[in-house]
2 protein chains.
Amino acid sequence: MGTTQLDSVPEPKYWHLKTVLTEALDSEFSVGEILPNERDLAARFGVARATLRQALEQLELEGRLQRRRGVGTTVAPPRVGVAVGTEQHAWPGAEGDAWQPVDCALQTPPAAVAAALETGADEPVHTVHRSRVSHGQRVATELLYIPAASVPGLTAIDAPSGTARTRAVLRELQHLALEGQDRAVELGSARADDAKELDRLPGAPVLVVTTRFFAQGRTAALSVATYRADTCRLTFGDSPGVEIHHDPERRAS
Amino acid sequence: MGTTQLDSVPEPKYWHLKTVLTEALDSEFSVGEILPNERDLAARFGVARATLRQALEQLELEGRLQRRRGVGTTVAPPRVGVAVGTEQHAWPGAEGDAWQPVDCALQTPPAAVAAALETGADEPVHTVHRSRVSHGQRVATELLYIPAASVPGLTAIDAPSGTARTRAVLRELQHLALEGQDRAVELGSARADDAKELDRLPGAPVLVVTTRFFAQGRTAALSVATYRADTCRLTFGDSPGVEIHHDPERRAS
DNA sequence: AAGTGGTCTAGACCACCAG
DNA sequence: TGGTGGTCTAGACCACTTT
């Protein structure tokens, strides 16, 4: 039994590459700096371009890099903290809301949304589209579903659509007594329209925040917000949030 | 001008593939069912295996598929809702805590953690390792950093390590008055050790939940929890959480 | 027009799991 | 041992941005 037997577990090349690049980013590069192009980098490391790309993809996922077609790969700034938990117990559109209305339409929602709202499958609901800007960058897009029953005072001919209509719907919403809310966060990939708004390619990783608003003993509104996962850190306290991460080492025991 | 000019934007093959597969999953497959292998699927759709894999990767990211080397690709069950917001204002290890202690050691934390705890860069802190099981599955792993100053009553010789030591540290923690806490969620990729615990490959997408616990006017403990992004939906309300998603259609304006 | 990242191919070999 | 998904290669072409 004199065999060492610990040289097994050959680390994948792209994984090792990622480690090397991470260390290089930490020590030799500054935010905004452009990296050599993929073909050069691959040649420098002696791997195929696809292998290098596998490493770059992960680094982009972790928010360390930013890649733009036709331009190049740059070192990303640290993720921005985006507060999603401070507006606790306030309706969307209330004072100090971080969202900007884009437009509004009356249409039949996806089946899953209709189920959560307990409306009929084909019953149209007010669908408000909003976007959120933070640190000068578009970080999220939202679809807010509001059943007609939640805004009974809305006059039908105020404005058919557009931001004026949006504001009218949100104004009416404030009249209800908000009884509570409910949030969930999960990983998703951007659909084509979301991607365009967020200046990403379709399929880009996003954090989907689903919020249910309760009033009158039922779900009075439902928000589905899509945040860029590469650039955002969602914070739930009232403070700006910690900036932990990029750990070099690890536990022992 | 009579030109149609709307046939541009050639959709990538893998994107179209993903759409087709999604629809097939919704209509023709049930949870747990195994798909044909990648080589067969690629041939059936007339694409290279790498292209098919690009589509499968996204579907796995979205929690629709589960792939295991040596086994095959199966239809994943809906994501499980994991409550991370109900233990508001309670120390880790308090009654009803969802986490199971694994072990514990006194060691110097990563630089970023030391900074958040305001301890010296080389000062060792109690590092508690815990794991979380939900619906019979390991869904998360956690490292909990507790400066010695937060557990002054801890006798040094109770137990050097192991779960006994872990329990002693957490017990001492309960004696402090918790003044508040702070949470952040971001996307990350699993390190080798986390991946092993979560039964995933290194680099798998994870949701990293960072929690700061405040007491005595400072950060008395810091938790970094790593959740499987493919199988988990983090819920922040007190209800089990909505199950929205898999939208077929979309707004009009 | 030149240069970048994004997509795609047709192969090869490896690590893992089951029979 | 045979079948699966995971890694890797060396090319090609495309879409996009900048010059």
Side-chain angles (χ1 to χ4, degrees), chain A residues 5 7-19 21 33-61 64-76 189-190 192 195-196 199-205 230, chain B residues 5 7-19 21 33-61 64-76 189-190 192 195-196 199-205 230:
Chain A
Q5 204 251 352
D7 51 304
S8 50
V9 202
E11 205 173 43
K13 278 191 188 178
Y14 79 91
W15 186 258
H16 180 243
L17 249 185
K18 186 190 137 186
T19 307
L21 286 170
E33 200 167 341
I34 57 185
L35 267 62
N37 72 54
E38 298 184 348
R39 290 162 179 89
D40 284 355
L41 273 181
R44 182 176 313 188
F45 287 107
V47 300
R49 189 173 158 225
T51 304
L52 174 79
R53 278 179 61 81
Q54 216 172 335
L56 294 185
E57 256 153 45
Q58 283 225 1
L59 289 172
E60 190 178 29
L61 188 92
R64 304 293 313 260
L65 291 180
Q66 196 160 345
R67 297 191 290 171
R68 272 175 304 172
R69 164 151 56 177
V71 180
T73 302
T74 60
V75 180
S189 54
K196 194 162 198 175
D199 191 28
R200 300 260 57 199
L201 289 177
D230 56 343
Chain B
Q5 203 250 354
D7 51 305
S8 49
V9 204
E11 205 172 42
K13 279 192 187 177
Y14 79 92
W15 186 258
H16 181 242
L17 250 184
K18 187 189 136 187
T19 307
L21 286 171
E33 200 166 344
I34 56 184
L35 268 61
N37 72 55
E38 297 184 348
R39 290 162 179 88
D40 284 356
L41 272 181
R44 181 175 314 187
F45 287 107
V47 300
R49 189 174 158 225
T51 304
L52 174 80
R53 278 179 61 81
Q54 214 172 336
L56 294 186
E57 257 153 45
Q58 284 224 0
L59 289 172
E60 190 178 30
L61 188 93
R64 303 294 313 260
L65 292 180
Q66 197 161 343
R67 299 192 289 171
R68 270 175 306 172
R69 168 152 52 179
V71 180
T73 302
T74 60
V75 180
S189 55
K196 194 162 200 175
D199 191 28
R200 299 261 57 199
L201 289 177
D230 57 342

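Just so we're on the same page: letters track the sequence lines, and every chain starts at 1.
Note on A:Asn37: every side-chain N or O is 4.0 Å or more away from OP1 and OP2 of C:dG3.
Among residues two or more places apart in sequence or in another chain, the side-chain hydrogen bond (donor to acceptor under 3.5 Å, both in side chains) test is passed with B:Glu33 by B:Ser30. Applying the side-chain hydrogen bond (donor to acceptor under 3.5 Å, both in side chains) test to B:Thr51 and every residue at least two apart in sequence or in another chain returns nothing. In this view, B:Arg200 and B:Glu60, B:Asp230 satisfy the side-chain hydrogen bond (donor to acceptor under 3.5 Å, both in side chains) rule, not counting sequence neighbours.
With a 4.5 Å cut-off on side-chain heavy atoms, B:Lys13 and B:Phe45 do not count as touching. Using a 4.5 Å heavy-atom cutoff, the side chains of B:Arg64 and B:Gln58 are not in contact. Looking at heavy atoms from C-beta onward, B:Gln54 lies out of side-chain contact with B:Lys18 at the 4.5 angstrom threshold. The closest side-chain heavy-atom distance from A:Leu21 to A:Leu56 is below 4.5 Å.
No more than 12 heavy atoms of other residues, nucleotides or ligands shown are found within 6.0 angstrom of CZ on B:Arg68. Within a 6.0 Å radius of CG in A:Asp199, other residues, nucleotides and ligands contribute 12 heavy atoms or fewer.
Heavy-atom distances under 4.0 Å link DNA chain D to A:Ala50, A:Thr51, A:Gln54 of residues 50-59 of chain A, given in residue order.
Rounding to the nearest 0.5 Å gives a distance of 11.0 Å between CG of B:Asp40 and CZ of B:Arg49.
If you check every strand for non-hydrogen atoms under 4.0 Å, B:Arg68 touches sugar and phosphate atoms only.
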Are there any protein N/O atoms within less than 3.5 Å of an N/O atom in nucleotides 14-19 of chain C, and if so, which ones and at what distance?
residue: C:dA15; atom: O4'; partner: B:Arg69; partner atom: NH1; Å: 3.4

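On the nucleic acid side, DNA chain D has its first and last nucleotide under 4.0 Å of a heavy atom of chain B at D:dG3 to D:dA15, going 5' to 3'.
Mapping B:Pro202 and B:Asp40 onto DNA chain D via the closest heavy atom, the residue that lands nearer the 5' end is B:Asp40.
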